[in-house]
Amino acid sequence: DTGIEGEKETAAYAFSLRDFQTLDEAIADMQSGATIDTLIAGAKVLVAAGAYDDVPDLESMQPVALEVLMAAKSLRN
């Protein structure tokens, strides 16, 4: 027991990011909220461990991140 709280699905997704996603997969995960949810879960672990004081407002960054991903896709087409 590590004392880290979280769901198996979140951990599995976080570890899957070690394998680079395609651009389409990254867009889909950003649109669904999976990427932001995983980043928030990771940030909560770091706060709980005392590495940081607060979880940043990652949800507010989602629209900009999606815009960047969509711009990258438009450059490919």
Side-chain angles (χ1 to χ4, degrees):
D1 185 14
T2 62
I4 297 172
E5 296 182 22
E7 298 178 7
K8 288 182 181 182
E9 294 80 13
T10 301
Y13 179 76
F15 279 107
S16 77
L17 293 178
R18 294 172 189 246
D19 298 324
F20 291 103
Q21 295 181 303
T22 66
L23 182 56
D24 287 335
E25 289 170 336
I27 290 170
D29 284 349
M30 189 60 70
Q31 288 173 327
S32 73
T35 299
I36 296 298
D37 290 345
T38 300
L39 290 171
I40 290 170
K44 287 179 179 179
V45 168
L46 294 172
V47 169
Y52 294 102
D53 293 330
D54 299 305
V55 174
D57 183 14
L58 295 165
E59 288 180 348
S60 70
M61 298 176 196
Q62 188 270 348
V64 174
L66 183 57
E67 186 178 327
V68 169
L69 290 169
M70 296 305 288
K73 183 170 178 135
S74 71
L75 292 173
R76 286 193 165 175
N77 295 332

Donor-acceptor contacts under 3.5 Å from residues 62-75 side chains, at least two apart:
unit_1: Q62; atom_1: NE2; unit_2: M30; atom_2: O; d: 2.9
unit_1: K73; atom_1: NZ; unit_2: D24; atom_2: OD1; d: 2.6
unit_1: S74; atom_1: OG; unit_2: A71; atom_2: O; d: 2.7

In one Ile/Leu/Val/Met/Phe/Trp/Tyr side-chain cluster, 4.5 Å: I40, M61:
yes
Hydrophobic cluster identity match, Y52 and V55, side-chain contacts under 4.5 Å
yes
One should read off an interatomic distance between T35 OG1 and D29 CG, to the nearest 0.5 angstrom, of 4.5 Å
Pairs in or reaching into residues 30-39: which pass salt bridge (Lys or Arg N to Asp or Glu O under 4.0 Å), with residues at least two apart or in two chains?
none
Under the side chain to side chain donor-acceptor pair (under 3.5 Å) definition, can you give me all pairs with a residue in residues 40-49, not counting sequence neighbours?
none
Residues two or more places apart in sequence or in another chain: which of them pass side chain to side chain donor-acceptor pair (under 3.5 Å) with D54?
none
Inspect the surroundings of CD in E59 and state if more than 12 heavy atoms from other residues, nucleotides or ligands are less than 6.0 Å away.
no
